[in-house]
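Below is one structure, written out as structure tokens; comments come after it.
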Amino acid sequence: MRDRSELTLRKQRDFNRVYKRGSSRGSKYVVILYNKNRLGYTRTAFVASKKVGNSVMRNRARRLMRESYRSFADRVVSGYDIIFVARNTIADCSEAEVERCMKAAAASCELLGKH
């Protein structure tokens, strides 16, 4: 198994590549931006802008997305860079709602395999 830091998208050029060349899909609480990478594994990032709210709300939004992603991470297809961007509607919702929304958006992007 890979180190957790290896599975996280960190470099600005990697973010820019996903933003410029990648595809996106929006849902009620999250926008998913994704692009194929040349690696044998998937890297992820969880982003919440100042539009989401103050630092407490942004951190909660990132925690909700990370925890929701963990529930279906084993089904995600390898070889992608994925950025999950929180919408400001995520502030007042539960983890179950975010998980359902993220799973549906990932499925519509064809990022979920059959496990």
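Here, residue 1 is the first one in the sequence, and each next residue gets the next number.
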- Message: Would Asn37 and Arg43 count as a side chain to side chain contact (heavy atoms under 4.5 Å, CB included) here? Give the steps.
- Response: CA-CA 9 Å; Asn37 63 26; Arg43 298 182 297 180; 4.1 Å; yes
- Message: I want to check something: taking the side chain as every heavy atom from C-beta on, are Tyr29 and Arg87 in contact at a cut-off of under 4.5 Å?
- Response: no
- Measure across Val98 and Ser68 and return the closest heavy-atom pair with its distance rounded to 0.1 Å. CG1-OG, 3.6 Å
- Query: Hey, are the side chains of Met65 and Ile90 touching, using non-hydrogen atoms and a 4.5 Å cut-off?
  - Reply: yes
- Task: Please work out whether the ring planes of Phe46 and Phe84 are parallel, tilted or perpendicular, with thresholds of 30° and 60°.
- Result: parallel
- Message: With a 4.5 Å cut-off on side-chain heavy atoms, are Val47 and Ile83 touching?
- Response: yes
- Would you say the side chain of Leu112 lies within less than 4.5 Å of the side chain of Lys103, judging by non-hydrogen atoms? yes
- Query: Parallel under 30°, tilted from 30 to 60°, perpendicular over 60°: which one fits the rings of Tyr69 and Phe72?
  - Reply: perpendicular
- When every non-hydrogen atom of Thr42 is compared with those of Ser78, the smallest separation belongs to OG1-CA, 3.3 Å
- For Ser24 and Tyr34, the nearest pair of non-hydrogen atoms, with its separation, is N-CE2, 4.2 Å
- Note on the structure: In this structure, OG of Ser108 is separated from CD of Glu110 (nearest 0.5 Å) by 8.5 Å
- Query: Under 3.5 Å, is there a donor-acceptor pair linking the side chains of Asn35 and Asp81?
  - Reply: no
- Smallest separation among heavy atoms of Cys93 and Thr89, with atom names: SG-O, 4.4 Å
- Determine, for Asp14 against Lys11, whether the closest basic-nitrogen to carboxylate-oxygen distance falls under 4.0 angstrom. no
- Task: Decide yes or no on side chain to side chain contact (heavy atoms under 4.5 Å, CB included) for Leu7 and Thr44, but give the supporting numbers first.
- Result: CA-CA 6 Å; Leu7 301 176; Thr44 57; 5.7 Å; no
- Message: Atom CG of residue position Asp92 - does it have more than 12 heavy atoms of other residues, nucleotides or ligands inside 6.0 Å?
- Response: no
- Item | Close side-chain approach of Leu33 to Ile82, heavy-atom, < 4.5 Å | no
- Task: Could you tell me whether a side-chain N or O of Glu67 sits under 3.5 Å from a main-chain N or O of Leu64, the two making a donor and an acceptor?
- Result: no
- Minimum-distance pair of heavy atoms, taken over all atoms of Met57 and Ala91: CE-CB, 3.5 Å
- Query: When rounded to the nearest 0.5 angstrom, what distance separates CZ in Arg66 from CE in Met102?
  - Reply: 10.5 Å
- Got a sec, which pairs hit salt bridge (charged side-chain N to carboxylate O under 4.0 Å, His left out) with one end in residues 44-62, sequence neighbours left out? none
- Message: Is there a continuous path of hydrophobic side-chain contacts, each under 4.5 Å between heavy atoms, that joins Val85 to Leu9?
- Response: yes
